[in-house]
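Working notes, structure below.
We're numbering straight along the sequence, starting at 1.
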Amino acid sequence: VLQLDRELSRMEQKLRFPKRSMVLFGMSPSIQAQAIDLKLSLNGRVIAEHRLDQAALNSLRQGGQFPVWENNLNLGQHQFVIDVIDRSPQNTRPAIQQRINVRKRQARQVIGVQWVEPNRVNPAQFRWVEWPDYD
């Protein structure tokens, strides 16, 4: 019965979201922030805004992922922009913004964004990963 229920749920998701895309947010354990504002834009339009508190950030530091946005997204070229503002009382760093161009080639896709500390090898503040055709 549980297997049948799971299959029915998966079929319903595929029917309701045939071009489903999802953006997940994570962060490195070394990031020291107590509260952040997270904003995601798609093709120049803000599609998600979230405020994450200390408990949520602790979970992310331990490998958790926060679902920022999920919806149908057409195939083709798209630009995502992520903004992170550290709202911690002791914060001195400015807001961080990064753009990524994504070419969606398959109907279903997951995009992972991880906030990381920049270094000499990777000077970027974010690491982007794509998982096409998930189920």
Side-chain angles (χ1 to χ4, degrees):
V1 172
L2 291 175
Q3 180 69 23
L4 184 58
D5 184 53
R6 182 178 17 232
E7 288 297 319
L8 186 58
S9 177
R10 289 172 72 195
M11 289 172 52
E12 180 185 8
Q13 286 295 318
K14 284 184 176 183
L15 181 62
R16 290 180 56 213
F17 297 105
K19 298 175 186 175
R20 181 177 176 197
S21 289
M22 179 186 305
V23 176
L24 301 173
F25 179 77
M27 61 189 279
S28 170
S30 62
I31 301 288
Q32 297 301 314
Q34 294 175 351
I36 64 169
D37 287 342
L38 181 65
K39 182 170 73 171
L40 183 68
S41 300
L42 172 64
N43 300 328
R45 187 177 56 110
V46 175
I47 56 173
E49 292 183 276
H50 301 281
R51 178 163 281 179
L52 302 179
D53 62 6
Q54 183 69 47
L57 296 178
N58 286 342
S59 175
L60 294 175
R61 280 189 203 94
Q62 295 173 21
Q65 297 177 340
F66 179 76
V68 178
W69 174 81
E70 122 179 63
N71 209 330
N72 286 321
L73 182 63
N74 290 330
L75 300 177
Q77 192 73 24
H78 302 282
Q79 183 181 68
F80 284 97
V81 178
I82 189 161
D83 293 283
V84 174
I85 301 169
D86 189 345
R87 296 289 183 200
S88 305
Q90 75 281 8
N91 177 45
T92 58
R93 67 177 139 205
I96 304 165
Q97 182 182 78
Q98 189 174 3
R99 300 173 192 280
I100 181 172
N101 292 315
V102 174
R103 181 168 182 83
K104 185 172 179 182
R105 295 184 178 115
Q106 296 173 339
R108 298 167 66 80
Q109 173 184 41
V110 174
I111 300 169
V113 183
Q114 184 181 27
W115 184 15
V116 296
E117 289 288 346
N119 55 44
R120 279 181 269 170
V121 177
N122 182 18
Q125 291 279 303
F126 298 101
R127 183 178 309 138
W128 297 80
V129 180
E130 293 180 59
W131 296 281
D133 201 24
Y134 71 95
D135 215 5

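For the pair Ser21 and Leu73, the tightest heavy-atom approach, listed with the atom from each and the gap, is OG-CB, 3.6 Å. In terms of heavy atoms, Leu75 sits closest to Arg105 at CD2-C, 3.7 Å. Between Phe126 and Trp115, the shortest heavy-atom contact is CD2-CA, 3.8 Å. Considering all non-hydrogen atoms of both residues, Ala48 and Val68 come closest at CB-O, 3.5 Å. Heavy-atom minimum distance, Asp37 versus Arg87: OD2-NE, 2.7 Å.
Going from atom CD1 of Ile111 over to atom CZ of Phe80 covers 4.0 Å, rounded to the nearest 0.5 Å.
Linking Ile, Leu, Val, Met, Phe, Trp and Tyr whenever their side-chain heavy atoms come within less than 4.5 Å puts Phe25 and Trp69 in one cluster. Residues Leu38 and Ile47 fall within the same hydrophobic cluster, defined by Ile, Leu, Val, Met, Phe, Trp and Tyr side chains chained together at heavy-atom separations under 4.5 Å. Cluster membership check: Ile31 shares its hydrophobic cluster with Phe66, using side-chain heavy-atom separations under 4.5 Å among Ile, Leu, Val, Met, Phe, Trp and Tyr. Under the 4.5 Å side-chain heavy-atom criterion for Ile, Leu, Val, Met, Phe, Trp and Tyr, Val113 and Val102 are members of the same hydrophobic cluster.
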For Val23 and Leu42, run side chain to side chain contact (heavy atoms under 4.5 Å, CB included): C-alpha distance rounded to whole Å, both residues' side-chain angles, the deciding distance at 0.1 Å, then the answer. CA-CA 11 Å; Val23 176; Leu42 172 64; over 6 Å; no
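In this structure, a donor-acceptor pair under 3.5 Å is present between the side chains of Asn58 and Gln54. Between the side chains of Gln98 and Gln125, no donor-acceptor pair of N or O atoms lies under 3.5 Å.
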